[in-house]
**Q** 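Pasting a structure below so you can have a look.
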Amino acid sequence: MDVRIYPFNTGFIRLDKGAYITPGDGYGMEVEVPTWAFFVTDGKEKLLVDTGMSETKTADWHHKGSYQPEGFRIDEHLEKLGVTPADIDAVFFTHLHWDHCSNMKLFTNARFYVHARELAFARDPHLLYYKSYESKKLGAHPPFEDVPFRTVDGEFRYNDFITLFPTPGHCPGHQSVEVKTTQGTYVIAGDAVFADENLKPDTHRGLSFTPMGRYVNVFEMFDSMGKILARADHILTGHGMGVSFKQVYP
Ligand SMILES: [Zn+2]
């Protein structure tokens with residue numbers, strides 16, 4: 001079987017367009033964005049990129065008004081494809097913000113891959129990011145608490161169709177996932193490319209893409225977006241509506 005990528009919308013987050021997506025355009029405009037996780041398979045290996053967001057109560061604590069509709073949890077999506085959590089061989093995390101790694105403990109047989117820098121920061125985040133990582137310092141229990149990871153540091157070729165590569169900036173240890181298919185190279189960008197608007201030219205500054213508003217390091221964020229655009233034939237964003245264009249890629 002050829003390599004296939006199934007996007008799963010794990011719920012909706014409400015956020016300020018100007019603050020998160022297009023700085024300078026849309027401050028004060030509240031928008032609702034999908035939160036993507038992906039199932040990737042060649043018919044033999046069963047793989048996930050991220051495990052998506054939490055149930056509504058926790059989501060609403062993070063961003064007021066955010067919610068996970070019934071049937072949108074990661075394992076409920078898999079069930080529709082006849083896949084159980086125990087079938088998953090590996091999960092590649094783009095990063096460990098709450099909306100990308102909730103429910104990861106369901107995957108009892110999976111190997112978990114994360115960038116070393118991301119794991120270190122997630123376990124001991126800066127005060128400004130306690131909430132994003134559901135830090136124990138807030139009395140919370142992060143989804144990755146007491147979970148064993150395999151850390152990668154730099155580019156990592158997992159098999160002949162999956163390669164992880166670092167795309168820091170949104171957070172310290174962000175990485176993206178390159179998937180080779182019969183229809184070219186897909187890059188599952190995670191939040192290194194936040195939404196569809198970020199793929200459009202920034203006409204004010206004469207750039208071929210629009211840098212997003214949410215980052216820990218603006219220069220790394222900019223370079224990572226450029227790197228993704230250079231290696232991808234197709235880009236699947238972390239929170240863009242465009243991902244819903246097809247139920248399975250390519
Ligand atoms: Zn996100």
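Remember, it's 1-based here, ligands and their atoms both numbered in the order they're listed.
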**Q** Any sub-3.5 Å donor-acceptor pair from T237's side-chain atoms to D196's backbone N or O?
**A** no
**Q** Only pairs under 3.5 Å count here: list side-chain donor-acceptor contacts from residues 114-127, not counting sequence neighbours, and write none if there are none.
**A**
{"from": "H115", "atom 1": "ND1", "to": "R117", "atom 2": "N", "distance (Å)": "3.0"}
{"from": "E118", "atom 1": "OE1", "to": "G173", "atom 2": "N", "distance (Å)": "3.0"}
{"from": "E118", "atom 1": "OE2", "to": "L96", "atom 2": "N", "distance (Å)": "3.1"}
{"from": "E118", "atom 1": "OE2", "to": "Y133", "atom 2": "OH", "distance (Å)": "2.8"}
{"from": "D124", "atom 1": "OD1", "to": "K137", "atom 2": "NZ", "distance (Å)": "3.3"}
{"from": "H126", "atom 1": "ND1", "to": "L128", "atom 2": "N", "distance (Å)": "2.9"}

**Q** Could you list the residues that satisfy side-chain contact (heavy atoms from CB on, under 4.5 Å) with E32, not counting sequence neighbours?
**A** F12, R14, Y67
**Q** With sequence neighbours excluded, tell me which residues meet side chain to side chain donor-acceptor pair (under 3.5 Å) with T84.
**A** D87
**Q** Please say which of S132, C171, P23 ends up in a side chain to side chain contact (heavy atoms under 4.5 Å, CB included) with R214.
**A** S132
**Q** Short of 2.8 Å from the Zn ion (ligand 1), name each protein N/O/S atom, waters not counted.
**A** D99 OD2, H100 NE2, D191 OD2, H239 NE2
**Q** Would you say that more than 12 heavy atoms from the other residues, nucleotides or ligands in this model lie under 6.0 Å from the CD of E155, or not?
**A** yes
